[in-house]
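A short worksheet on the structure shown next.
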Amino acid sequence: MDKKLIEEMIDLAIEQLNYSYTPYSGFKVGAALLTKEGKIYKGCNIENAAYTPTNCAERTAFFKAVSEGERAFQAICVVGGKDGILTEYAAPCGVCRQVMMEFCDPNTFQIILATSKDQYEIFTLKELLPLGFGPNNLN
Ligand code: THU
């Protein structure tokens, strides 16, 4: 992936930490999702007093995009940390990996985990969700 684009996605994901709604955990997560056509959808985590309705940043970005008609994605950048302080990579939870599996090719979809513009690592969905169950299993 192009380094400038990766850096732009990291910037946008970090910006999302400002909108993260986390009165319960204080753990802020931001995401920037890149479509195959090059458009970027952003997302943050949104918590809830009843806890289970909480939506992760990754799914917020995916659901925003899918609800606007997008179906083809190339990469997502995820950042997160307690009180929005980025010390470690915030890897997507299992539910978010499964949502990625629904819309992305596990061999090519890139997951960028970052703590800053100079500190990031890129994984494929397959690396983070080996032997994932997806739409093709129902063919
Ligand atoms: N969270 C995300 O937004 N993405 C993940 O993949 C992991 C967890 C959020 C959910 C909750 O608001 C907070 O982090 C603590 O679990």
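Read the numbers this way: they start at 1 and go in the same order the structure lists the ligands and their atoms. Values reported hereafter were calculated over all heavy atoms of this structure, with side chains retained and with hydrogens, waters and symmetry mates removed.
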Determine the minimum heavy-atom distance between I40 and E8, stating which atoms define it. CD1-OE2, 3.9 Å
Looking only at protein heavy atoms, which one is nearest to [atom], and what is the separation?
| atom | result |
| --- | --- |
| atom 9 (C) of ligand 1 | N45 ND2, 3.4 Å |
| atom 11 (C) of ligand 1 | E47 OE2, 3.2 Å |
| atom 4 (N) of ligand 1 | E58 OE1, 2.8 Å |
| atom 3 (O) of ligand 1 | A57 N, 3.0 Å |
| atom 8 (C) of ligand 1 | C56 SG, 3.9 Å |
| atom 15 (C) of ligand 1 | S25 OG, 3.7 Å |

Kindly work out whether a path of hydrophobic side-chain contacts (I/L/V/M/F/W/Y, heavy atoms less than 4.5 Å apart) joins Y41 to I46. no
Looking at C93, which atoms of ligand 1 are within less than 4.0 Å of one of its heavy atoms?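 This gives 5 (C), 6 (O) as the contact atoms.
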P92 heavy atoms, cut-off 4.0 Å: which ligand 1 atoms fall inside? 6 (O)
Is there a donor in the side chain of N48 and an acceptor in the side chain of T54, or the other way round, less than 3.5 Å apart? no
Polar contact flag, side-chain donor to acceptor under 3.5 angstrom, S25-E47: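 Judged by distance alone, the side chains do pair up.
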Do Y120 and Y89 have their ring centres less than 6.0 Å from each other? no
Does the ring center of F73 lie less than 6.0 Å from the ring center of F109?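 Distance test on ring centres: not under 6.0 Å, no.
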